[in-house]
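What follows is a set of notes on a single structure, which appears directly below.
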Amino acid sequence: MTTTHGDPVTGRELTVADTFEFAASQLRELVTSHPGRTPTYTSHGRWVLDNDQWAPNWNGGFLAGMLWILARRTGDAWWAEQARKYTLALEPRKNDTGTHDIGFLLEPSFGRWYDYEHDEHAREVLITGGRTMAGRMQEPGGYLRTWVDAGSTFIDVMMNVGIILRAAEYADDPSLTDIALRHSETTRRYLVRGDGSTLHEGWFDTTTGEFLHAATHQGSRSDSSWARGQAWAIYGFSSVFEHTGQTEMLATAQSCADFYISETAAVGVPPNDWTDADPVPPFESSASAIAAAGMLRLANALDSQRAGTGGERYRDYANVILRTLRTTQFLAADTPGWEGIIKHAIYHRAKNLGVDESVMWGDHYLMEALELSEQSGANATSPTPTNGAR
Ligand code: GLY
C-alpha cells in the first residue's frame with residue numbers, strides 16, 4: 001500500500017499554550033451557547049445539535065473530558081463546575097446495555113474525575129459501567145459485541161476495554177480482567193493482520209464462535225485499513241498493557257503504530273483509509289490526534305519495560321503530529337465562525353456525516369495528547385515535520 005497524499009503543512013503554528021487558550025474559547029462558547037448539548041460533528045464548521053445518524057449517542061464523554069482537562073490546567077472553578085455537570089449527566093449510561101461505547105462515555109468523564117480528585121462516586125460509576133460493558137461478552141467467539149449485532153465486533157471496541165479493567169481493579173474482580181483480556185486476544189488474532197494493519201469489523205458465528213469475515217462501515221473496503229480504527233488500536237492495546245502488563249498487548253500496539261507510521265505522509269495526518277490512492281478529502285485529522293495520544297502512551301509503556309528506552313520513535317512521531325495539528329491549516333484559530341477546534345476530520349464518509357469537519361473526539365484527543373506530551377517533557381515544537389515525503 002502506498003500513500004500519495006501529503007500536502008505541505010501551511011498556516012501559522014500556535015504554541016501549546018495558545019492552542020489550549022483557543023480550545024478554551026471554543027468550548028466556553030459551546031457550553032454557553034448550547035448548554036447541556038453534546039454534539040458529535042460539525043457541518044460547515046458549526047456543531048450539529050441533532051441526534052447522531054450513525055451510532056447511538058456515544059460521544060458525550062469527550063466534551064466532559066475536555067472540560068476536566070481545562071479545569072485542571074486553569075484551576076478555574078467555572079470549568080470544574082461545567083465538567084462535573086456534563087459528567088453527571090452521563091451517569092445513566094453506566095447501565096446502558098444498548099451500546100459498546102461505555103468506555104468512550106465514562107472514561108474521559110468519570111475516569112478523569114476519579115483520576116484527578118479520587119471521587120468515590122466516580123469510582124462507583126466506573127465499576128458499574130465496567131460491569132455493564134463486560135456483559136457484552138459473547139462466549140462462543142470470546143469478543144465484546146457491538147450494537148450492530150451479536151455476531152459483530154469492531155476494532156473501536158478496544159477503546160472500551162479499559163473501563164472493564166478499571167472496574168476489575170477497583171472492585172478487585174479478576175473475572176472482569178479475564179473478560180477484558182479475552183476480547184483483546186480475540187481482537188489481536190482476528191482484527192489485527194500480520195503487517196500490523198487492522199480491519200474495522202469482524203463477524204463471527206454466534207453459535208460456534210467461528211470467525212466468518214471482515215467488514216467495514218467507515219473505511220473503504222472490507223480488506224482495507226480505516227485510519228481511525230488503526231489509531232483506536234494503537235491507543236486501545238497500549239491501554240490494556242498499562243492495566244495488565246501483558247507484553248503481547250504492547251507488541252500489538254507497537255506493530256499497529258509501525259503500520260500507521262509506514263503508511264502515513266511525514267506530516268503525520270492520514271487519509272480516511274490507506275487503500276484510497278487519491279483520497280478526497282485528503283485528511284482524517286481525528287485519527288492523527290488519537291494516534292498521537294496512543295503513541296505517547298505506547299512510548300511511556302515501552303520505556304517502562306526497557307529501562308527507559310524504545311519509546312523515542314513513537315514520542316517523536318506523536319510530536320510531529322501535534323506540531324502539524326497546531327498549524328492553522330488544521331487548528332481553526334484563523335477560521336472565523338468555525339466552532340470546532342481541529343478541522344479536516346471525517347466521521348462517516350459513506351453516510352456523508354462530518355466529512356472534512358471537526359469531530360468531538362478529534363478535539364478531545366488533541367488536548368489529551370498535548371497534555372501527555374507536556375508531561376513526558378518532550379519538546380512538542382520539534383522535530384520539524386517535512387512536507388509530503390513519506
Ligand atoms: N464509533 C467510533 C468511531 O467512529 O470512530
Side-chain angles (χ1 to χ4, degrees), residues 38-43 47-48 51-65 90 93 96 98-109 133 136 143-149 152-163 183 187 191-192 197-202 214-220 224-239 256 260 269-274 281 283-294 340 342 344-366 368-369:
T38 55
T40 304
Y41 60 89
T42 61
S43 173
W47 290 114
V48 174
N51 282 341
D52 177 351
Q53 297 298 305
W54 159 237
N57 193 9
W58 66 283
N59 70 88
F62 304 125
L63 177 52
L90 295 169
R93 307 299 298 280
D96 188 344
T99 181
H100 58 258
D101 290 324
I102 302 281
F104 278 132
L105 287 158
L106 302 184
E107 279 219 276
S109 54
M133 185 65 209
R136 304 188 74 75
Y143 59 88
L144 298 160
R145 62 161 292 182
T146 66
W147 49 262
V148 171
D149 191 271
S152 143
T153 195
F154 290 171
I155 194 68
D156 328 16
V157 176
M158 284 307 300
M159 294 295 286
N160 297 281
V161 172
I163 192 167
H183 174 81
T187 303
L191 276 72
V192 181
S197 69
T198 55
L199 46 114
H200 184 181
E201 184 180 36
T216 192
H217 295 274
Q218 285 141 290
S220 297
S224 72
S225 294
W226 171 51
R228 190 159 68 253
Q230 190 76 20
W232 292 141
I234 298 166
Y235 192 121
F237 282 105
S238 298
S239 153
C256 292
Y260 180 107
V269 184
N272 189 62
D273 190 308
W274 284 286
F283 295 118
E284 204 298 73
S285 62
S286 80
S288 68
I290 299 156
I342 45 170
H344 305 313
I346 297 175
Y347 178 28
H348 198 309
R349 196 173 54 180
K351 292 189 182 295
N352 199 26
L353 300 173
V355 176
D356 205 13
E357 295 288 344
S358 291
V359 295
M360 199 58 86
W361 56 91
D363 294 357
H364 170 268
Y365 288 102
L366 170 70
E368 176 176 312

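Hydrogens, waters and symmetry mates play no part in the numbers below; they use all other heavy atoms, side chains included. We're numbering straight along the sequence, starting at 1. Both ligands and their constituent atoms are indexed starting at 1 by order of listing. Predicted model only: the values in this text are computed from it and were never measured.
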Note to self: Under the rule for side chain to side chain donor-acceptor pair (under 3.5 Å), what residues qualify as partners of Tyr235, not counting sequence neighbours?
What the structure shows: Arg297, Glu368
Next item on the list: Consider only side-chain N and O atoms of Ser225 and Trp274, and report whether a donor and an acceptor are under 3.5 Å apart.
Entry: no
Next item on the list: Output yes when a side-chain donor or acceptor of His100 lies under 3.5 Å from a complementary backbone atom of Arg145, and no otherwise.
Entry: no
Note to self: Quick one: does any side-chain atom of Gln53 pair with a main-chain N or O of Asn51 as donor and acceptor, under 3.5 Å?
What the structure shows: yes
Check: Restricting to pairs with a member in residues 344-353, which pass salt bridge (charged side-chain N to carboxylate O under 4.0 Å, His left out), not counting sequence neighbours?
Finding: Asp276-Arg349
Next item on the list: Heavy-atom cut-off of under 4.0 Å around ligand 1: list whichever protein residues fall inside it, by chain and number.
Entry: Trp58, Asp156, Gln218, Trp226, Arg228, Trp232, Tyr347
Notebook entry, point to check: Can you pull the salt bridge (charged side-chain N to carboxylate O under 4.0 Å, His left out) pairs that have at least one residue in residues 154-163, sequence neighbours excluded?
Noted result: none
